[in-house]
Amino acid sequence: MTQFLQQIVNGLSLGSIYALIALGYTMVYGIIKLINFAHGDMYMLGAYFGFIAITILKLDFLPSLVITMTATAIIGIMIERIAYRPLRHSTRVVALITAIGVSFLLQNSVAKIMGVSIKGFPMDTLPTQTWHIFGIVITLKQLIILVTAVVLMVLLTVIVQKTKVGRAMRAVAVDADAARLMGINVDNIISLTFAIGSALAAAAGILVGVYYNSIDPLMGIAPGLKAFVAAVFGGIGIIPGAMIGGFTIGITEVLISGYWSSMFKDAIVYGLLIFVLLVKPSGLLGKNRKEKV
Amino acid sequence: MKKLLVVLASLVVVLSSLTACTSTGSKTIKIGVNLELSGDYLIYGTPEKWGIQLAVNEINAAGGILGKQIELVIYDNKSNATEAYNNALKLATEDEVVAILGAATSGLTVAQQPVASQYKVAIVTPSGSNALVTVAEDASVFDWMFRTCFIDPFQGVVLANFASTEIGATKAAVLGATGSDYAVALNEIFTTQFTANGGTVVASESYTDDQTDFSAVLTTLMATDAEVLYVPAYADTAGLIIKQARELGWNVPIVGPDGFDSASLLTTAGAANLNNVFFSTHYTALDENPAVAEFITNYKALAKEEPMALSALGYDAMYLVANAITAANSTDTTKVRDAILATSNFTGVTGSITFDAKHNPVKSAVVIELVEGVYAKATRVNP
């Protein structure tokens with residue numbers, strides 16, 4: 001039982017990361033129907049900005065987190081302006097291929113500037129406090145990951161549900177043209193969505209950097225794909241769906257590695273995606289909407 | 001069109017005169033270097049390059065060999081098997097080198113093997129420790145392949161014996177990737193020897209190549225009563241595993257192979273987590289041999305960093321080839337290859353080298369204990 005609970009704790013920290021990345025995927029898809037494959041690389045960028053803030057600028061964790069999220073948000077806006085906006089009215093496959101191109105651009109630029117070797121954060125970035133509760137080991141870092149993730153998710157939900165900007169975002173997601181007729185600046189709302197999505201991925205990046213202490217230019221590929229699975233699993237375009245999807249995949253992976261074999265975890269996760277798509281194509285929380293003619 | 005033809009024709013003339021120039025009037029002896037200077041295994045290729053460079057600087061400063069200076073032709077194989085093969089092909093056919101040094105890892109060395117036998121040029125890997133680098137699956141020896149390090153089976157036996165006798169463990173847990181030749185070979189040999197010593201491998205888990213989270217498997221392994229954890233992995237992954245094991249509060253001795261011997265183990269695991277960690281390697285700076293002290297001083301002056309085992313192996317590999325060329329008194333690749341094979345009691349900074357029938361050096365290993373991330377104690381284990 002202790003072992004099971006320990007695995008759940010392990011799964012929650014892994015799941016928080018997937019959930020944070022999945023939120024960005026889902027928000028961007030919800031608003032412009034673009035599967036932004038460069039999103040995993042925004043997470044990688046976040047890890048590197050965090051690395052620079054902590055090791056070169058010698059800042060503490062919290063200011064580094066804020067700087068990292070801001071810097072990555074700005075890059076997110078720039079990418080949308082330069083790469084996606086001119087293609088907004090072209091076919092979806094064109095935008096998708098552009099996203100893959102942006103992904104390679106980011107990976108190789110970081111590899112060129114920062115080098116390809118693995119970099120580690122200083123060990124004293126966060127105190128190495130550990131608690132033993134009924135035989136379960138919980139580290140301060142795990143707690144910080146979980147708390148940061150939950151706080152950011154709550155904040156996001158409040159922004160989307162309770163503010164004027166959030167209402168504008170929801171309006172654009174439903175019908176961009178109608179929203180424009182109502183006086184909403186659609187371009188600005190889309191930029192904002194990219195900014196928020198990128199900032200959340202950046203938060204995940206710096207958290208992973210501090211937790212695992214190992215970052216490299218290709219670190220975004222696998223978690224990016226897993227987060228995409230999480231977003232689809234929960235119902236792409238639906239914010240609570242991304243959170244549920246992220247945690248489900250994190251915990252599933254850990255339980256399979258712990259009780260069966262690590263070699264099967266990816267196969268099962270992707271298998272789960274296929275299963276969900278077969279049974280409920282719109283995802284766990286997705287509604288089957290009829291196409292209006 | 002006529003103009004283009006003239007240009008092309010003159011180009012051909014110029015080029016052919018150039019090649020003629022290099023093959024007949026060469027004043028240097030060319031040695032090829034084919035190493036991982038970027039990509040995943042950059043941390044292994046780079047120190048070997050510095051070791052080789054140091055040896056060449058010393059040899060050339062002392063007047064070179066056969067009255068000629070050594071010229072290195074260095075190619076980066078980008079940690080990729082296809083690149084490694086293409087580089088070897090280029091070194092053998094275009095650059096016409098006397099011998100090739102590299103690669104640092106077993107897989108990439110094996111990838112070059114066809115070039116060695118087809119173009120008859122000896123390849124010496126400083127650190128490719130998989131048994132299949134010098135012998136084929138059917139146990140026939142590759143005539144042109146050599147190495148300057150001990151092989152994984154020997155390393156696996158050393159580690160299993162160390163776990164049984166020095167640590168006194170009877171129950172071991174193993175965590176190794178199934179997608180890596182290095183890990184699979186080391187895993188099998190350790191398990192066999194540890195069992196032969198009267199111990200039991202109580203749990204064996206694996207992981208995928210791109211995995212960074214090991215908390216789940218470590219939690220499972222922790223629940224067993226293993227007294228030692230064996231991790232046949234390279235430093236980047238091993239560092240993550242050690243860190244996460246210690247953070248979960250699992251403090252058993254962790255034992256690993258020469259892949260641990262890299263500065264990146266300290267970066268990823270952190271000094272505080274590197275206690276009670278042991279690994280086997282080829283060389284130790286704790287050695288009291290004066291040649292080792294001199295090597296360390298000169299290496300630091302050249303590379304601006306501490307030498308690692310791989311630096312020392314690169315250095316020894318270069319001297320081994322230089323000695324063979326001197327002994328052969330020729331730059332003919334076949335004579336050089338025969339001279340390499342005939343090497344007997346060559347003394348390098350990593351120990352003494354004599355080749356056995358399978359082109360493997362018979363030499364000792366060193367087991368190093370880490371205390372707070374520092375190489376605290378070295379135990380030499382003879383074959």
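So that the names make sense, note that chain A is the first sequence line, chain B the second, and so on, each numbered from 1.
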Asker: Sort T268(B) into side chain, backbone, both or neither according to what part of it lies under 4.5 angstrom from a heavy atom of chain A.
Answerer: both
Asker: Near Y259(A) OH, under 6.0 Å, is it more than 12 heavy atoms from other residues, nucleotides or ligands?
Answerer: yes
Asker: Heavy-atom pairs under 4.5 Å with chain A - which of T178(B), N273(B), T208(B) has more of them than the others?
Answerer: T208(B)
Asker: For the CG atom of N10(A) and the CD atom of Q244(B), what is their distance to the nearest 0.5 Å?
Answerer: 9.0 Å
Asker: Could you check if a side-chain atom of Q6(A) sits within less than 4.5 angstrom of a side-chain atom of L248(B), using non-hydrogen atoms only?
Answerer: yes
Asker: Just checking, is any N or O donor in the side chain of D236(B) or S214(A) under 3.5 Å from an acceptor N or O on the other one?
Answerer: no
Asker: Below 4.5 Å, heavy atoms only, C-beta onward: do T267(B) and I118(A) meet side chain to side chain?
Answerer: no
Asker: Please name the pair of heavy atoms, one in N213(A) and one in K243(B), separated by the smallest distance, quoted to 0.1 Å.
Answerer: CB-CE, 3.7 Å
Asker: Could you check if a side-chain atom of Q211(B) sits within less than 4.5 angstrom of a side-chain atom of K265(A), using non-hydrogen atoms only?
Answerer: yes
Asker: Of the backbone (N, CA, C, O) and the side chain (C-beta and beyond), which part of A177(B) lies under 4.5 Å from a heavy atom of chain A, both, or neither?
Answerer: neither
Asker: Between V217(B) and S257(A), which heavy-atom pair has the shortest distance, and what is it?
Answerer: CG1-O, 3.7 Å
Asker: Under the criterion side-chain contact (heavy atoms from CB on, under 4.5 Å), I'd like the reasoning laid out for E247(B) against Q142(A): C-alpha separation, chi angles, the key distance, then a yes or no.
Answerer: CA-CA 10 Å; E247(B) 283 180 354; Q142(A) 284 177 322; over 6 Å; no
Asker: Does a sphere of radius 6.0 Å around OH in Y270(A) hold more than 12 heavy atoms from other residues, nucleotides or ligands, not counting ones at 6.0 Å or beyond?
Answerer: yes
Asker: List the atom of L240(B), the atom of Y212(A), and the distance in Å for their closest heavy-atom pair.
Answerer: CD2-O, 3.0 Å
Asker: Nearest 0.5 Å, please: how far is OG in S215(B) from CD in E253(A)?
Answerer: 10.0 Å
Asker: Answer yes if the side chains of Q7(A) and T220(B) hold a donor-acceptor pair under 3.5 Å, and no otherwise.
Answerer: yes
